[in-house]
**Student:** 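Mind looking over this structure? Questions follow.
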Amino acid sequence: MSALHLIHHGDVAELRLDNPAKLNAFTAEMLGAVEPHCAEIERDPGIRAVVISAEDSKAFCAGADIVAWGELEPWEFARHWVREGHRIFDRLARLGKPTVAALAGHAFGGGLEFAATADIRIMAPHATLALPEAAVGIVPGWSGTQRLIRLLGEPVVKEMALFGRRISAERAHACGFVAEISDDPRTRAMELAQGLAGRSSCSVEVAKYMVHAAAGEDRNAMIEALGAGMIGQTADRTEGVTAFREKRKPNFPGK
């Protein structure tokens, strides 16, 4: 039975795709499991980093399971499958914890969009990237023409989405989409994730917010989150909350 597992390895959580019979293609159940797992990751202060991986080495993820969306009416397909999938992937991309994707196999369509949510990616030498949606009469729907433009660039995304070209690990690395090429991407991803244990989790989280704000990844929320973090440390905030509870006029110290 297909699933998306959240596995704890001390201070590293592993989000693992498990649908090997269909090359880890996303089912509706797997897609629906992403947000609850994200909520658990965010709530657990013991989790310092997340590794995104897959059970089958032949394919990291072949995309969205056609059986899951093939019979949907156009409105259902657009409103639920595409819009909800986009929102769910955005949730993963905006985790406060750093994420590393281990691409031990090919990442196509929704699988490539899933990998794009990670902060960095480690890729096997034989793995390739592709956006094959046009071959089955659809278009990328989970940020393939949006987030991937920022990460890979317009010309490369056009090659994949319009002309159906596959991108090799070497080229993905040259484009900056892949941080490293490794014969064992999962082990390398775990090493990188575990290496964060000696770093300030607060500094890492705030740095991620700052980079996302600069890159346009949920910029408004990132800016307001940073502002809220700053004001939350002030004596003015403490006085304002205290005065509200005591039903009196606040006397802000301005510090």
Side-chain angles (χ1 to χ4, degrees), residues 1-7 14-34 37 51-72 77 80-82 84-86 88-90 92-93 99-118 121-148 151-152 156-172 175 177-178 181-186 189:
M1 185 175 181
S2 65
L4 180 68
H5 306 295
L6 183 63
I7 306 163
E14 182 178 10
L15 194 60
R16 184 186 297 172
L17 295 165
D18 184 10
N19 188 14
K22 293 193 174 182
L23 299 178
N24 294 312
F26 264 96
T27 63
E29 292 76 17
M30 292 166 69
L31 187 62
V34 175
H37 288 329
V51 169
I52 300 171
S53 68
E55 194 66 34
D56 191 337
S57 62
K58 288 186 292 186
F60 169 74
C61 179
D65 186 358
I66 293 179
V67 174
W69 58 262
E71 300 300 320
L72 295 176
F77 179 67
H80 298 297
W81 187 253
V82 174
E84 287 185 16
H86 207 291
I88 288 167
F89 277 25
D90 282 351
L92 180 58
T99 56
V100 187
L103 310 184
H106 306 305
F108 297 163
L112 174 54
E113 292 164 323
F114 187 56
T117 66
R121 285 151 290 278
I122 312 299
M123 192 171 174
H126 67 277
T128 59
L129 311 177
L131 291 172
E133 286 85 353
V136 291
I138 60 171
V139 294
W142 292 342
S143 76
T145 61
Q146 307 301 311
R147 183 173 291 114
L148 279 176
L151 297 175
L152 272 167
V156 178
V157 173
K158 280 182 174 178
E159 283 185 50
M160 291 192 289
L162 278 60
F163 297 93
R165 295 191 66 179
R166 291 191 184 188
I167 302 301
S168 68
E170 289 79 7
R171 189 171 181 201
C175 290
F177 182 73
V178 170
I181 298 174
S182 171
D183 290 327
D184 190 348
R186 180 182 174 277

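Along the sequence shown, residues carry numbers from 1.
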**Student:** Quick one, L152 with M160, criterion side chain to side chain contact (heavy atoms under 4.5 Å, CB included). Give me CA distance, side-chain angles, the key distance, then yes/no.
**Tutor:** CA-CA 11 Å; L152 272 167; M160 291 192 289; 3.6 Å; yes
**Student:** Look at R171 together with E159 and state whether they make a salt bridge at an N to O cut-off of under 4.0 Å.
**Tutor:**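 Answer for the salt bridge query: yes.
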**Student:** Does the H126 side chain pair with the main chain of A104, one donor and one acceptor, at a distance under 3.5 Å?
**Tutor:**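 Confirmed, H126 side chain pairs with A104 backbone.
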**Student:** Tell me whether E113 is salt-bridged to R147, with the criterion being a basic N under 4.0 Å from an acidic carboxylate O.
**Tutor:**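 Result for this pair is no, no salt bridge flagged.
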**Student:** Report the distance from atom NE2 of H37 to atom CD1 of I7, rounding to the nearest 0.5 Å.
**Tutor:**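 That separation rounds to 9.0 Å.
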**Student:** Does a side-chain heavy-atom distance below 4.5 Å link N19 with E55?
**Tutor:**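 No; the side chains remain at least 4.5 Å from each other.
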**Student:** What residues, two or more places apart in sequence or in another chain, satisfy side chain to side chain contact (heavy atoms under 4.5 Å, CB included) together with I88?
**Tutor:**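 Checked I88 against side chain to side chain contact (heavy atoms under 4.5 Å, CB included); matches are L31, V34, E35.
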**Student:** Centroid-to-centroid, F108 to F114, below 6.0 Å?
**Tutor:**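 No; F114 has its ring centre 6.0 Å or more from that of F108.
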**Student:** As an exercise, state the distance from OG of S143 to NE2 of H86, rounded to the nearest 0.5 Å.
**Tutor:**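 If we round to the nearest 0.5 Å, S143:OG and H86:NE2 are 5.0 Å apart.
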**Student:** If you compare all heavy atoms of N24 against all heavy atoms of A54, which two are closest, and at what distance to 0.1 Å?
**Tutor:**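 Distance-wise, the nearest heavy atoms are ND2-CB, 3.5 Å.
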**Student:** Go through the steps to decide whether L148 and L112 satisfy the test side chain to side chain contact (heavy atoms under 4.5 Å, CB included), and finish with yes or no.
**Tutor:** CA-CA 9 Å; L148 279 176; L112 174 54; 3.8 Å; yes
**Student:** For S182 and P125, work out which heavy atoms get closest and say how close.
**Tutor:**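 Heavy atoms of S182 and P125 come nearest at O-CD, 3.3 Å.
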**Student:** Minimum heavy-atom separation for G110 and W142, please, with both atom names.
**Tutor:**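 Smallest interatomic distance, heavy atoms only, reads CA-CE3, 3.9 Å.
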**Student:** Are any of the side-chain heavy atoms of V51 and L15 separated by less than 4.5 Å?
**Tutor:**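 The answer is no, as the side chains (C-beta and beyond) never meet within the 4.5 Å cut-off.
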**Student:** Checking F177 against L129 for the side chain to side chain contact (heavy atoms under 4.5 Å, CB included) test, could you report, in this order, the C-alpha distance in whole Å, the side-chain angles of both residues, the deciding distance, and whether it holds?
**Tutor:** CA-CA 11 Å; F177 182 73; L129 311 177; 3.6 Å; yes
**Student:** I need the K158 NZ to T145 OG1 distance, nearest 0.5 Å.
**Tutor:**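 Interatomic distance, K158 NZ to T145 OG1, rounded to 0.5 Å: 12.0 Å.
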**Student:** List the residues meeting side chain to side chain contact (heavy atoms under 4.5 Å, CB included) with A118, not counting sequence neighbours, and say none if there are none.
**Tutor:**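 Only I52, T99, A101, R121 meet the side chain to side chain contact (heavy atoms under 4.5 Å, CB included) criterion with A118.
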**Student:** Please check: side-chain N/O of H106 versus main-chain N/O of T128, any donor-acceptor pairing under 3.5 Å?
**Tutor:**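 A pair under 3.5 Å: yes.
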**Student:** Any idea which heavy atoms bring M30 and A25 closest together, and the distance?
**Tutor:**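 Minimum heavy-atom contact is SD-O, 3.4 Å.
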**Student:** Search all heavy atoms of A124 against all heavy atoms of P185 and return the closest pair with its distance.
**Tutor:**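 Looking at all heavy atoms of both residues, the shortest contact is N-CG, 3.5 Å.
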**Student:** Which value, rounded to the nearest 0.5 Å, describes the distance between E170 atom CD and I181 atom CD1?
**Tutor:**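 Between E170 CD and I181 CD1, I get 4.5 Å after rounding to 0.5 Å.
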**Student:** Take a 6.0 Å sphere around CZ of R165 and say whether it holds more than 12 heavy atoms from other residues, nucleotides or ligands.
**Tutor:**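 Check fails, neighbour count at 12 or below.
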**Student:** Do L23 and F60 have side-chain heavy atoms sitting under 4.5 Å apart?
**Tutor:**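 Of all side-chain heavy-atom pairs linking F60 with L23, none is under 4.5 Å.
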**Student:** I'd like to know whether C175 forms a side chain to side chain contact (heavy atoms under 4.5 Å, CB included) with V156, so could you lay out the CA-CA distance, the side-chain angles of the two residues, the decisive distance to 0.1 Å, and finally the verdict.
**Tutor:** CA-CA 9 Å; C175 290; V156 178; 4.0 Å; yes
**Student:** Verify whether one side chain among S53 and E14 offers a donor that lies under 3.5 Å from an acceptor in the other.
**Tutor:**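 Side-chain D/A pair, S53 to E14: present.
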**Student:** A189 and V100: which non-hydrogen atoms are nearest, and at how many Å?
**Tutor:**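 Smallest heavy-atom distance, with atoms named: CB-CG1, 3.6 Å.
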